[in-house]
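Presented below is the structure to which this report refers.
Both ligands and their constituent atoms are indexed starting at 1 by order of listing.
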Amino acid sequence: MNSETMNKEPMDFTEIRNKLEANLKPKRFNHTVGVTFTAAAMAMRYGFNIDKTMLAGYLHDCAKHLSAEESISLILNAGLEVTEYERQNPQLLHAKAGYVLAQTEYNVEDEEVLHAILVHTTGCVGMSLLDKIIFIADFIEPARYVQPHLKELRKLAFTDIDECLLHILIDTIEYLDQSDKVIDPTTKETYDFYSKVVEYKPY
Ligand code: DGI
Ligand code: FE
Ligand code: FE
């Protein structure tokens, strides 16, 4: 990033949580805490660094309070691009805006953590273990209730992470299709990739 973000002290979880609580709506903050602890449990299960996982969990929706215009300027000012799909579907913008804010407002430098925030909405081809943990925890955390197959997915998250990922991608594509939303090319690519590399097993 730019010089402004260099050499800033890392923030501890209490500072991060307090700042998030001040910025986000109560429901979103509650979701954030749910994602963080669900992700931490998955990190324990799969042997991944718990602190990194919690950092990514806390910050995955850190830009959710910004308007589309604010997100777009933040992203462009950081030298990143806003795609046509992101402009048409502003709910996608908070992932890239969060990737920027995590660096500028929360002093995160860890590339693995930043990447998990960046891809948490669409996924990507060749996701890392941390990317998968955050993507899945976002979908299954305790406060979620409308998604189909939650009971099965919550179990699968701790028994077969790739199978869980594939099932979530299938449900997401189906939901987007049914609600006539434009499917982002990255979401489609992620689905195409994992439907080839993971064998589909019905619940
Ligand atoms: O931020 P959250 O609500 O916790 O969850 P999220 O970041 O996974 O998703 C935010 C929204 O993005 C959700 O309503 C589904 C939507 N979304 C995910 N992939 C796509 C998408 N919307 C469009 N239009 N296209 C996509 O490919
Ligand atoms: Fe999100
Ligand atoms: Fe989320």
If I apply the N/O under 3.5 Å rule, does His94 come out as touching ligand 1?
yes

Next item on the list: Please work out whether the ring planes of His149 and Tyr203 are parallel, tilted or perpendicular, with thresholds of 30° and 60°.
Entry: tilted

If you scan protein heavy atoms around atom 2 (P) of ligand 1, the nearest is Arg28 NH1, 3.4 Å

closest protein heavy atom to atom 15 (C) of ligand 1 is Tyr175 CE2, 4.5 Å

Taking Glu105 for its side chain and Ala102 for its backbone only, find out whether a donor-acceptor pair lies under 3.5 Å. no

- Is there a donor-acceptor contact under 3.5 Å linking the side chains of His167 and Glu152? no

So for Gln88 against ligand 1, with non-hydrogen atoms under 4.0 Å, the contacting part is neither

For atom 19 (N) of ligand 1, the closest protein heavy atom turns out to be Thr187 OG1, 3.6 Å

If you measure from each heavy atom of Thr122 to ligand 1, is any distance below 4.0 Å? no

The N/O/S atom of Asp138 lying closest to the Fe ion (ligand 3) is OD1

If you scan protein heavy atoms around atom 11 (C) of ligand 1, the nearest is Gln91 CG, 3.7 Å

The closest protein heavy-atom partner of atom 8 (O) of ligand 1 is Asp138 OD2, 3.3 Å

The protein heavy atom nearest to atom 18 (C) of ligand 1 is Thr121 CG2, 3.6 Å

Out of Lys188, Arg144, Glu86, Lys181, the nearest non-hydrogen contact to atom 4 (O) of ligand 1 is supplied by Arg144

Check: of His120, His31, Lys64, min heavy-atom distance to atom 10 (C) of ligand 1 comes from Lys64

In His120, the N/O/S atom nearest the Fe ion (ligand 2) carries the name NE2

Salt-bridge contact Lys188-Asp192 (side-chain N to carboxylate O under 4.0 Å): yes

Looking at His60, the N/O/S atom that lies nearest to the Fe ion (ligand 3) is called NE2

Partner of Asp51 under side chain to side chain contact (heavy atoms under 4.5 Å, CB included), picked from Leu55, Asn49, Thr53, is Asn49

For residues His120 and His115, is any side-chain donor paired with an opposing acceptor at under 3.5 Å? no

Point to revise | Distance flag for atom 13 (C) of ligand 1, protein heavy atom under 4.0 Å | key: no

Honestly, for Thr186 the part within reach of ligand 1 (heavy atoms, under 4.0 Å) is neither

One finds that the ligand 1 atoms under 4.0 Å from a non-hydrogen atom of Asn89 are 24 (N)

In Asp61, the N/O/S atom nearest the Fe ion (ligand 2) carries the name OD1

Next item on the list: Look at the side chain of Asn77 and the backbone N and O of Ser73, then say whether any donor-acceptor pair between them is shorter than 3.5 Å.
Entry: yes

To atom 23 (C) of ligand 1, the nearest of Val182, Val35, Thr190, Leu93 on a heavy-atom basis is Val182

Review point. Using the ring of each side chain (for Trp, its six-membered ring), is Phe13 parallel, tilted or perpendicular to Tyr58, with breaks at 30° and 60°?
Key: tilted

